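Structure first, then comments.
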There are 2 protein chains.
Amino acid sequence: MNKASEPPAGADGLLPIRITELADLSTTEMAALRGLADRFATHARHAIIRQEGEMPPGLFFLLEGWAVSSVTLADGSRQLLKLHVPGDLMGAPSLPLSRAAETLIALTDVSVAQVSLEALGEIFVQHPRLGALFFLSAQEERVLLMDRLTGMGRLDARHRIAWLFVHLHERLRLVASGMGAAFDLPLTQEQLGDLLGLTAVHVNRTLRSLDAEGYLKRERGHIEILRYDDLKRLAALPPRTVRRNLSWLPPSRPSRPGR
Amino acid sequence: MNKASEPPAGADGLLPIRITELADLSTTEMAALRGLADRFATHARHAIIRQEGEMPPGLFFLLEGWAVSSVTLADGSRQLLKLHVPGDLMGAPSLPLSRAAETLIALTDVSVAQVSLEALGEIFVQHPRLGALFFLSAQEERVLLMDRLTGMGRLDARHRIAWLFVHLHERLRLVASGMGAAFDLPLTQEQLGDLLGLTAVHVNRTLRSLDAEGYLKRERGHIEILRYDDLKRLAALPPRTVRRNLSWLPPSRPSRPGR
DNA sequence: CGTAAGATTGACAAGCGTCAAATACAGTGG
DNA sequence: CCACTGTATTTGACGCTTGTCAATCTTACG
């Protein structure tokens, strides 16, 4: 691990996290979010950013690169839980636990900021609206997990893969607008299997069949969706749309109020 | 649905939700939580408390009885997401969405309070510590979903059922301390299947085999665990323990501070 | 006492995992 | 620049877990 106390150039604009997707923020709130980032670090591909079992569990902010969170079982098998892209908060689920539940692994070279928990606590005091947005953001993640659970329980390999690609495409579009039908996917087929509850062999067979039927094209670490609408039809989960600036949210606070 | 504006007798002590498992609360905070409950209602067994797609999505507090949240797919299959017991907040994942993601169904006769979203917003302003605890509670739910996802992806029917029973037993112990090795389970085998990503037929075969091997005994809507430690060994997911009163949490506020 | 919902059982099929080997590819050192 | 080596992908044969279909049995309840 390579540590540096200065943020990497150009990453600054990313700090407002996913939360900006839920509401418009005041400049003060933006500044408070930026204040969350504590120590900056970079990790090489395949490096472990945070190991499950670690205590106390820390909180991380992904600035550049891809990462993944996973759980490992006693028999050595593992489940990949979520792919993290720049702007993602990582490790939050373990915050209430005494030991971290998930391992965070760098899929590419990444740069990461450690989030100060004291600063997070202060945000709930100084910026109730941000606190509520953090709460809502966690609920959004719950919906995602619920949908993934539904997929694992009720969809076969073909449908799960279709859903994953459509979902990833939509998620990446939010980050990189103007993206076409193609995107990077720095995952091996074994990792795809661990993500979808399949074996690498079966992932290969299914990918190959989707390719043969013209749904998509594959290269190393790169996917191009050819028949987007058909693929989306395969991805049979209900659509989700977030509602911005909910009326019951607390108002933005100007700056530091009564202390 | 049977509506009443008065809380049912005896339910009052339950209102402090799961949040008391994360920290000790001041009396003011307890009172604020009680203020969340808005309109009270009762529903008969099998009644739909809230339908997915409904808008705007409401928030509910389960006072008495069992309920379940589920997602339905286009082909009619459904995934049960979570069993709710008294004290549970229901419907929170849909809060950031424009339409409710999950259907809430009464498994037994239930009594439910509707939660006022305005009151929830006010809590983030008046009681930052409670806001942070709501945030942490959502993270705890994420961990549960992550574990369920891991189970669906990596465990076979036998292990999934073992995990469910052990997990349910532990959860019910928190609500009803002094509980033995037996507990009610108001679910049909088909519903168990929908919860675990299996078919009713296969649930039956697996339950029957666990029974035959002396792991447990079954009656209608009732489970008794006989070989608890062995069953727990089958339930091969890592243990989770929450840490109470985390140091970075905001302090309790006395009452209504500067407005 | 009748009826419907739930539990049980058996025969069979399909999807996916396992094992093992072959092939393609990327990165490395000489 | 090339041979070398480990990693990732691909392929085939086979078996097991789980699903499907359909019938029967049991229990709760009007």
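All of these numbers come straight from a predicted model, not from anything done at the bench. Letters go in sequence order (proteins before strands), and every chain restarts at 1.
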Applied to residues 98-107 of chain A, the side chain to side chain donor-acceptor pair (under 3.5 Å) test, sequence neighbours excluded, yields A:R50-A:E102, A:E52-A:T103, A:S94-A:E102, A:S98-B:T241
One would report the end-axis bend of the helix from C:dC1-D:dG30 to C:dG30-D:dC1, five pairs per end and rounded to 10 degrees, as 50°
Keeping B:T42 on the side-chain end and B:S111 on the backbone end, is there a donor-acceptor pair under 3.5 Å? no
Across all chains, not counting sequence neighbours, the salt bridge (Lys or Arg N to Asp or Glu O under 4.0 Å) partners of B:E21 are B:R18
By salt bridge (Lys or Arg N to Asp or Glu O under 4.0 Å), B:R148 pairs with (sequence neighbours left out) none
Hits for salt bridge (Lys or Arg N to Asp or Glu O under 4.0 Å) against A:R142, two or more places apart or cross-chain, chain-then-number order -> B:E141
In whole angstroms, the gap separating C1' of C:dC16 from CZ of A:R205 amounts to 7 Å
For B:H167, the ring-ring contact (aromatic ring centres under 6.0 Å, His included) test, sequence neighbours excluded, returns B:W163
Strictly below 4.0 Å, N to O, side chains only: are B:D109 and B:R45 in salt-bridge contact? no
message = If the threshold is 4.0 Å, N to carboxylate O, is there a salt bridge linking A:R240 and A:E170?
response = no
>> Please classify the nucleic acid contact of A:G197 as base, sugar-phosphate, or nothing, using heavy-atom distances under 4.0 Å.
In response: sugar-phosphate
Review point. For A:E54, does the CD atom have more than 12 heavy-atom neighbours from other residues, nucleotides or ligands under 6.0 Å away?
Key: yes
Just the atom pairs and distances: protein N or O near nucleotides 5-7 of chain C's N or O, under 3.5 Å.
unit_1, atom_1, unit_2, atom_2, d
C:dA7, OP2, B:Q189, N, 2.9

**Message:** Whether the side chain of B:Q191 engages the backbone of B:T188 through a donor-acceptor N/O pair (distance < 3.5 Å, no angle test) should be reported.
**Reply:** yes
Numerically ordered, the residues 152-168 of chain A set in heavy-atom contact under 4.0 Å with DNA chain D is none
Below 3.5 Å, can you tabulate the donor-acceptor pairs from side chains in residues 200-208 of chain A to any protein atom, sequence neighbours excluded?
unit_1, atom_1, unit_2, atom_2, d
A:N204, ND2, A:Q189, OE1, 2.8
A:T206, OG1, A:H202, O, 2.7

Hits for salt bridge (Lys or Arg N to Asp or Glu O under 4.0 Å) against B:R218, two or more places apart or cross-chain, chain-then-number order -> B:D211
Heavy-atom count check: over 12 atoms from other residues, nucleotides or ligands less than 6.0 Å from B:M55 CE?
no
Numerically ordered, the residues 70-85 of chain A set in heavy-atom contact under 4.0 Å with DNA chain D is none
TODO: Taking B:E140 for its side chain and A:P96 for its backbone only, find out whether a donor-acceptor pair lies under 3.5 Å.
DONE: no
Footprint ends on DNA chain D, 5' to 3', for atoms under 4.0 angstrom from a heavy atom of chain A, come out as D:dA8 to D:dA13
Original post:
So, do A:H84 and A:F60 have ring centers that fall under 6.0 Å from each other?
Top reply: no
The answer to which of B:V203 and A:A200 contacts DNA chain D further toward the 5' end, by nearest nucleotide, is A:A200
